[in-house]
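See below for the structure under consideration.
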Protein chains: 2
Amino acid sequence: MEQPGEIKKVSMAVIKRLPKYYKCLGNLLKNNVERVSSQDLSKILGFTASQIRQDLNNFGEFGQQGYGYNVLQLYTEISKILGLNTLHKMVLVGAGNLGQALANYSEFRTHGFDIIAIFDTNPNLIGRKINNTPIYSVEDMEYFINENDVDIAILTVPKDKTEKVVEVLSKTCIRGIWNFTPAEITTDDDTDDIIVENVHLIDSLFTLSYRINEDKLQERLLKQKRKIFPDCR
Amino acid sequence: MEQPGEIKKVSMAVIKRLPKYYKCLGNLLKNNVERVSSQDLSKILGFTASQIRQDLNNFGEFGQQGYGYNVLQLYTEISKILGLNTLHKMVLVGAGNLGQALANYSEFRTHGFDIIAIFDTNPNLIGRKINNTPIYSVEDMEYFINENDVDIAILTVPKDKTEKVVEVLSKTCIRGIWNFTPAEITTDDDTDDIIVENVHLIDSLFTLSYRINEDKLQERLLKQKRKIFPDCR
DNA sequence: TAGATTGTTAATCGATTAACAATC
DNA sequence: TAGATTGTTAATCGATTAACAATC
């Protein structure tokens, strides 16, 4: 049994499902749906109703027996849980192709994530703007972040520049790094309060490749086994 | 006990670790390391040695007692498991900011993933090239994919265009969709052999936001509980 | 040979699902 | 009130870790 004051660590599996709940409730809200049961959500999201109730009860008791959940209330609660009720200041480090694409992505701002500065080393870019956001020299990054209370740094620099940038970031008030580089980021002990969220595109592509290839692979494995156990199916 | 001919389904948790093994072995290879034990790998990757041996034994017996694993051999085996030993033809659908960034990303080609065509509806783009890859009209997509035996479609179209594009793709020989749109892709029964790999950027950002916010959240939850159980820590 | 390290079985841990009393 | 649906405990399932005989 759980003790009253105990802080139960929420598992990553649950955390990864929160954005799905949030988006689903947002859609229901748009469609003027007022109440929703865990069973309704189950049908939409493909999770079991039981899992949905378990997930939500990590954070409080948002439902009502015999009624279900009020869509607006649950939506608001989850937005608070995800930290979407406050504005987030972001900087983007590395104004290459991917960096520029992200700087032009308006969806982030819609949800309260505002890119207020871009940093690069290329003198041809410094002083220019992308999507109305100014590009500064990385030299000025440390000062700027601390001065403007920036939350999140988006990392879109080349792999071999990553370590150096992270070193600078670890001297700032940055709380999270959204890492689009292929590098694995390690922060030393005194900075392990910086959260790193990786978007490892190559890993994602490799995973897709594996799954496309899986049937052929299983056949090959089976054939190999038949050599050892000739009478198997 | 497992039957000889049985096909054991490999769990997604294992699959997601395969690219990490692959990259790690690639690095060792570059550094001329010839052999490696599960314990060595454990230190580098942060998985337990036991887990590493379990993972690898999903696909065969690649090691040798008392010796460990031959780096080159294991690297080669995992590359085959991931399907990286064959070339993959890809098309990119949607030449917006993100699409253009991905078209310029050379890392994919390095690993045998070749973008051979880009499709868009914008007449100003059709006929032009990005990173030497021609942009065609989406009208020609179905024919092109089937004619050229394309494996993978990269989806970087606006959300509301996704369904229509997927409908067309489901009539082709496409094996996998690498989905960068916020849409959840559902393929009907006759096309459920198309594998979908999602890169949901907003979900990733929300997850980061949650984790940055977690400490504050736990405090708030604790405070709420104290109202009910006033004597808890 | 002795030491090292695998492949694999058994034990443990954690996450998901089922069940149901509480209650709106 | 009766039906519906929650929050929560218990059961199950699956993934990770530990242990160790086999063997290079």
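Atoms considered below: every heavy atom in the structure, side chains included; atoms not considered: hydrogens, waters and symmetry mates. Just so we're on the same page: letters track the sequence lines, and every chain starts at 1.
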>> Side chain of Q51(A), heavy atoms from C-beta onward: which of dA22(C), dT16(C), dT6(C) has the nearest atom to it?
In response: dT16(C)
> Choosing from dT5(D), dA15(C), dT8(C), which nucleotide comes nearest the side chain of S11(A)?
Replying inline: dA15(C)
> More than 12 foreign heavy atoms under 6.0 Å from CD of Q73(A): is that the case here?
Replying inline: yes
> Would you say the base of dA18(D) and the side-chain of S50(B) have a donor-acceptor pair closer than 3.5 Å?
Replying inline: yes
>> Does R35(B) qualify as a cation-pi partner of Y69(B), given the criterion of NZ or CZ under 6.0 Å from the six-membered ring centre and within 45 degrees of its axis?
In response: no
> So, D55(A) versus Y21(A): side-chain donor-acceptor pair below 3.5 Å or not?
Replying inline: yes
> So, N31(A) side chain and L28(A) main chain: donor-acceptor pair closer than 3.5 Å or not?
Replying inline: no
> Between dT16(D), dT5(D), dT8(D), which one does the side chain of A13(B) approach most closely?
Replying inline: dT16(D)
> Quick one: the side chain of Q54(A) and the base of dT9(D), do they pair up donor-acceptor inside 3.5 Å?
Replying inline: yes
>> From the set dT6(D), dT17(D), dA22(D), return the single nucleotide nearest to any side-chain atom of T48(B).
In response: dT17(D)
> Roughly how many Å is it from NZ in K43(B) to C1' in dT5(C), rounded to a whole number?
Replying inline: 13 Å
> If only atom types and distance count, is the side chain of N104(A) paired as donor or acceptor with the main-chain N or O of A101(A) below 3.5 Å?
Replying inline: no
>> Please classify the nucleic acid contact of Y69(B) as base, sugar-phosphate, or nothing, using heavy-atom distances under 4.0 Å.
In response: sugar-phosphate
> Has R35(A) got a side-chain N or O lying under 4.0 Å from the OP1 or OP2 atom of dT5(D)?
Replying inline: yes
> Which nucleotide sits closest to the side chain of R53(B): dG7(D), dC20(D), dA22(D)?
Replying inline: dC20(D)
>> So if I take every side-chain heavy atom of Q65(A) and compare against dT23(C), dG7(C), dT16(D), which nucleotide ends up nearest?
In response: dT23(C)
>> For Watson-Crick and G-U wobble pairs within 3.5 Å on both distances, what is DNA chain C written in dot-bracket notation, | included for inter-strand pairing?
In response: ..||||||||||||||||||||||
> Is the number of heavy atoms from other residues, nucleotides or ligands within 6.0 Å of CZ (R211(B)) greater than 12?
Replying inline: yes
